[in-house]
Structures are given as structure tokens and as C-alpha cells.
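Throughout, protein chains are lettered first and strands after them, A, B, ... in sequence-line order, and every chain is numbered starting at 1. If you're wondering where the values come from, they're calculated on a predicted model, not measured in any experiment.
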Amino acid sequence: GESVGLHLPTLSVQEGDNSIINCAYSNSASDYFIWYKQESGKGPQFIIDIRSNMDKRQGQRVTVLLNKTVKHLSLQIAATQPGDSAVYFCAEWALIFGTGTRLQVFP
Amino acid sequence: DGGITQSPKYLFRKEGQNVTLSCEQNLNHDAMYWYRQDPGQGLRLIYYSQIVNDFQKGDIAEGYSVSREKKESFPLTVTSAQKNPTAFYLCASSPAWSRANYGYTFGSGTRLTVV
């Protein structure tokens with residue numbers, strides 16, 4: 001079946017550095033993607049979304065890049081802070097979720 | 001404040017007992033969803049409802065049941081037929097059943113432990 005998955009289970013970065021979390025999808029017809037942040041014991045929170053007619057979308061300290069040619073999207077977090085420590089999920093249409101990447105921020 | 005509320009936050013039940021998890025939203029959303037999350041795994045869809053009095057099975061519906069008698073409520077019953085019920089359960093809602101799920105909102109989850 002179709003799937004959305006993440007490349008790395010854990011990403012460790014130093015405070016102040018930029019973080020890049022990657023995600024691959026297999027359904028070439030996917031036209032809408034969402035990134036979520038989930039802190040321990042809490043529900044996922046919407047971070048940013050992107051439609052397939054866009055290559056890039058920026059938010060506050062976050063940027064999502066979409067490469068439809070290789071069916072890959074990434075979440076970039078600028079100047080990573082301790083509060084960014086969480087599990088990050090990508091999702092196609094909010095019904096298909098990747099397993100998540102745990103972001104750990106060290107001082 | 002508008003939002004989606006799951007209760008209780010923690011729930012303990014004996015094996016073989018049915019248990020119902022509550023999900024209430026005051027966002028006037030048409031669509032509601034139930035997911036299960038196991039440690040180190042992504043969210044898996046159990047049931048979803050596009051509109052009141054309607055619901056559909058997701059990927060892992062066996063051992064679960066739902067109802068949608070009111071727009072704001074979408075309770076999930078974990079039955080004794082569910083072989084491995086211990087998990088973190090998340091409810092979500094969205095304004096409409098569409099591919100552009102703007103305003104897709106999650107509850108804070110219920111951690112169910114069956115002993």
C-alpha cells in the first residue's frame with residue numbers, strides 16, 4: 001500500500017544549529033502534506049503544511065521543502081531550541097503518518 | 001476556547017473488560033478520527049467519521065467500535081476482542097472530510113493500560 005515514512009528515527013543537534021528532518025512518500029498522486037510536532041504524552045500539533053503546487057513554504061523558524069521528482073519532503077528548523085525537542089511526523093492528507101523522527105537538542 | 005477534549009488522560013482496565021474513551025469537540029467540525037499510537041511507531045487510523053451518524057473503519061478497526069450520534073462527540077469503545085489494547089489513543093477532528101485538512105486538530109490523548 002501507499003506509505004509515508006521517515007529516514008532517521010533520531011536526530012541530535014546542538015542548540016542554535018539548524019535541524020533538517022526528512023520524509024519520503026510513495027504515492028505520486030499525493031498533493032498535500034503536513035508536518036506535526038508531538039511532545040511526550042501529548043497529541044500532535046500542526047507545524048506547517050504544503051501543497052504539491054509548491055516547492056517551498058516558510059513559517060516562523062520552519063521551512064518545508066517538497067521535491068516531487070524524488071517524492072521527498074523535509075522540515076528545516078532554524079536556530080534549534082531546547083523547546084523544539086519532540087517527535088516530528090510527516091503526513092499525507094492527515095490520514096497516513098510516518099513513524100516519526102525524534103529530535104534531541106543539546107545545550 | 002475551542003478545542004478537542006479527550007478524557008480521561010490515563011485509564012486502567014482489567015483484561016476482558018470493555019472500555020470507552022471519550023472525545024468531544026466544540027469546533028463545529030464535521031469529521032472526526034481515532035488513532036492508536038504504540039511506542040516508537042506512527043499513528044494508525046482506527047475509525048473515522050465524515051459526518052454525524054456515519055463512520056467508517058480505518059486500517060486497524062478490529063476489536064474497536066465507535067458511534068457518532070452527535071456532531072461534537074465520537075466515543076471509542078475498546079472491546080475485549082482487541083488483542084493488544086494497551087496504547088496511546090488520539091482523537092482528532094477537521095472541518096470537513098477533504099484532502100485539504102485545514103484546521104486538523106488533535107486531542108491530548110488517552111493512555112490506556114490493560115492489566
Exercise. Listed by chain and number, what are the salt bridge (Lys or Arg N to Asp or Glu O under 4.0 Å) partners of A:Asp17, not counting sequence neighbours?
Worked result: none
Exercise. Hey, any chance A:Leu65 and A:Ile21 share a hydrophobic cluster, counting ILVMFWY side chains that come within less than 4.5 Å of each other, even indirectly?
Worked result: no
For this session: Establish whether A:Ile48 and A:Leu66 are linked, either directly or via other cluster members, by ILVMFWY side-chain heavy-atom contacts under 4.5 Å.
Result: yes
For this session: Might you confirm whether atom NZ of B:Lys14 has over 12 heavy atoms from other residues, nucleotides or ligands at distances under 6.0 Å?
Result: no
Exercise. Is the backbone of B:Gly109 close enough, under 3.5 Å, to the side chain of A:Lys42 for a donor and an acceptor to pair up by distance?
Worked result: no
Exercise. B:Gln6 versus chain A, heavy atoms under 4.5 Å apart: side chain, backbone, both or neither?
Worked result: neither
Problem set entry | Cluster check A:Tyr88, A:Val13: I/L/V/M/F/W/Y, side chain < 4.5 angstrom | yes
Exercise. Can you tell me how far the CZ atom of B:Phe106 sits from the CZ atom of A:Phe46, to the nearest 0.5 Å?
Worked result: 11.5 Å
Problem set entry | Same apolar cluster: A:Met54 and A:Trp35, side chain cutoff 4.5 Å | yes
Problem set entry | Nearest atoms (heavy-atom pairs only) where B:Leu43 meets A:Pro44 | CD2-CG, 4.2 Å
For this session: Under 4.5 Å, heavy atom to heavy atom: which of residues 60-84 of chain B reach chain A? Give them by number, or say none.
Result: none
Exercise. Any chain of hydrophobic side-chain contacts (each under 4.5 Å) joining B:Trp34 to B:Leu11?
Worked result: yes
Problem set entry | A:Gln45, part contacting chain B, at a heavy-atom distance under 4.5 Å | neither
